[in-house]
Q: 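Please see the structure below; I have some questions.
Only a predicted model underlies this, so the values are computations on that prediction, with no experimental measurement involved. Each chain gets a letter, A, B and so on, in the order its sequence line appears, and its residues count up from 1.
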Protein chains: 2
Amino acid sequence: MKHKVAVVDDHTLLLEAIGGLVSDFENFEVVCLCKNGQEFLNKLKIPSNIPDVVLMDINMPLLDGIETTAILKEQFPKVKVVALSVEENEKTILKMLRAGAKGYLMKDTKKEILEEALNQVIEKGYYHTNTISKLLIGSLTKDETEVELKEREVAFIKHACTEMTYKEIAEKMFLSPKTIEGYRDSIYEKLHLKNRIGLVLYAIRNGLFEP
Amino acid sequence: MKHKVAVVDDHTLLLEAIGGLVSDFENFEVVCLCKNGQEFLNKLKIPSNIPDVVLMDINMPLLDGIETTAILKEQFPKVKVVALSVEENEKTILKMLRAGAKGYLMKDTKKEILEEALNQVIEKGYYHTNTISKLLIGSLTKDETEVELKEREVAFIKHACTEMTYKEIAEKMFLSPKTIEGYRDSIYEKLHLKNRIGLVLYAIRNGLFEP
DNA sequence: AATCGAATGGGGGTTTTGCCCCTTTTTTCA
DNA sequence: TGAAAAAAGGGGCAAAACCCCCATTCGATT
């Protein structure tokens, strides 16, 4: 019997194209094509839609791949998730793996590798390329002090990614300029930043701000 | 007789998947799958590889879609290019169209639309969605004063997208800090920027700097 | 030869930032 | 309830950024 595969990706063309690719594989059949996590989770209410493996994009509207994977892990722990992404940064990949993804395929994967990955996920429960394995090992040694930012700090950072001065940001946030400077100083220390340019780049690289 | 299609995309999986999709279309056959513009242009030396239509990604290593399209337009003006991209900014789309692309497909295209686009490009010579048409019209009314940046200014901007001070940038570029300030001032005026944050955002949004 | 315009560099000013120190108020929690 | 820890706010200072106007050099134009 063929293993069931679902594909979740907001880019319709890729969704259909990858679906087509998978349906050519001998051991697999496509049971579900969805444009985002929300739609996918809804479809799982019909048992015949429940797949063995999900090929999941990370950046999606409504419900992204990381959240979807986390919810899936709770509600359907047997369903394996293979992340399928087009250039992501290290932190995002790690988040996805922590959320419970059993595999991670990069953009430049051949279809034979995709088939191999699906087979391995079914048989061994996971599939990781060398690149991802190294990243995982690296993440263990790296100081995982997981700097966390407060709600107000994140709001401030978003404002800092504009041409406003701190005084203007203070007005926008109904706070004293001195408080804003306080946010800035503590953020700089936590994140080892030297100036506002560094802060803007941090915000962009970590998805706090979309340029 | 079937029309010949080439697909050029650095993401192997997408390349193969889209190739698979196209080869299912009735009027089309895939003659060429390439990972970048360089490889594609090389393959055209063999006449049987010359396609009627090229589905071309924009962001590629070695030779990107815009340059490839421009070269193709010179050497093989009969070959139609349809850009196929995953989230690009307005300016990039316009550059691609100016380079000679006859169509532009966005990420969320259904395969029926892809087939329709290919057919129309063959028959009418072009295919544009409403979104692109509006963008084209908008680009005509918009003040196309095409602010152009000098070579040195672009180099400076790239350095400005780091935590370096202007003095440090000056050292890196073997120039006086005052010259750097001069670059900055003239750029701010040309682009109507208020401060360095604005410059960084401009650089990112216009592809001068990859965050 | 005179002129123009770039590219480069400078003087001097104000504003904004970055970085110390500190106090008051509010929240949390043992 | 009382201590501790936050959040919010403040003073002051040096560095950096911003914004003027101006000088020199050098190659291209006419």
Q: How many whole angstroms separate atom CD1 of A/I180 from atom P of D/dA8?
A: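 That distance rounds to 9 Å.
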Q: Pairing donors with acceptors under 3.5 angstrom, does anything connect the side chains of B/E168 and B/T162?
A: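 No, B/T162 and B/E168 have no side-chain donor paired with an acceptor closer than 3.5 Å.
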Q: Should the pair B/R196 and B/Y188 be classed as cation-pi, given the thresholds of under 6.0 Å to the six-membered ring centre and 45° from the axis?
A: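 Verdict for B/Y188: no cation-pi partner in B/R196.
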Q: Answer yes or no on whether A/R184 is positioned over the face of A/F156, meaning its NZ or CZ is under 6.0 Å from the six-membered ring centre and within 45° of the axis.
A: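 Here A/R184 fails the 6.0 Å and 45° test against A/F156.
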Q: Quick one: which of D/dG9, D/dC19, D/dG12 gets closest to the side chain of A/S176?
A: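 The nucleotide sitting nearest to the side chain is D/dG9.
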Q: Where the side chain of B/R184 is concerned, which of D/dG10, D/dA8, D/dC18 is the nearest nucleotide?
A: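 So the nucleotide nearest the side chain must be D/dC18.
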Q: Measure NZ/A/K150 against C1'/D/dA8 and give the value in whole Å, please.
A: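 Value for this atom pair: 14 Å.
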Q: Could you check how far NZ of A/K194 sits from C1' of D/dA16, rounded to whole Å?
A: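 Distance, rounded to whole Å: 12 Å.
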Q: Calculate the interatomic distance between A/L193 atom CG and D/dA16 atom P; express it in whole Å.
A: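 Answer to the nearest Å: 17 Å.
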Q: Rounded to whole Å, how long is the line connecting atom CD of B/E181 with atom P of D/dC20?
A: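 Answer to the nearest Å: 13 Å.
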Q: Is there side-chain contact between A/N119 and A/I122, with at least one heavy-atom pair below 4.5 Å?
A: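 No, too far: nothing below the 4.5 Å cut-off.
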Q: Given B/K35, which partner from the list B/T12, B/D10, B/D9 fulfils the side chain to side chain donor-acceptor pair (under 3.5 Å) test?
A: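 Result for side chain to side chain donor-acceptor pair (under 3.5 Å) with B/K35: B/T12.
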Q: State, without any angle test, whether B/E153 and B/S186 hold a side-chain donor-acceptor pair at a distance under 3.5 Å.
A: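 Yes, B/S186 and B/E153 have a side-chain donor paired with an acceptor closer than 3.5 Å.
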Q: Figure out the CG/P separation between A/L175 and D/dA7, and round it to whole Å.
A: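 The answer, rounded to whole Å, is 12 Å.
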Q: Whole Å only: how far is the CD atom of A/E189 from the P atom of D/dA6?
A: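 Roughly 14 Å, once rounded to whole Å.
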Q: Among residues 160-167 of chain B, which ones have heavy-atom contacts with DNA chain D below 4.0 Å?
A: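 Heavy-atom contacts with DNA chain D come from B/T165, B/Y166.
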Q: Between B/G37 and B/M60, what is the shortest heavy-atom contact and its length?
A: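 Result for this residue pair: N-CE, 3.9 Å.
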Q: What is the distance from atom OG of B/S85 to atom CG of B/L105, rounded to the nearest 0.5 Å?
A: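 Answer for the OG-CG pair, B/S85 versus B/L105, is 9.0 Å.
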Q: Rounded to whole angstrom units, what separation is found between the NZ atom of A/K178 and the P atom of D/dC13?
A: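 It works out to 12 Å between those atoms.
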Q: Select from B/P177 and B/N195 the residue whose nearest nucleotide in DNA chain C is closer to the 5' end of that strand.
A: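 In this pair, the answer is B/P177.
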Q: Might you confirm whether atom OH of B/Y126 has over 12 heavy atoms from other residues, nucleotides or ligands at distances under 6.0 Å?
A: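 Open.
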Q: Quick one: how far along DNA chain C does chain A reach, first to last nucleotide 5' to 3', anything under 4.0 Å to a heavy atom?
A: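 In short, chain A contacts DNA chain C from C/dT17 to C/dC19.
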Q: Quick one: label A/Y183 by what it contacts on the DNA or RNA (base, sugar-phosphate, nothing), any heavy atom closer than 4.0 Å.
A: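 Since only primed, P, OP1 and OP2 atoms lie under 4.0 Å of A/Y183, the category is sugar-phosphate.
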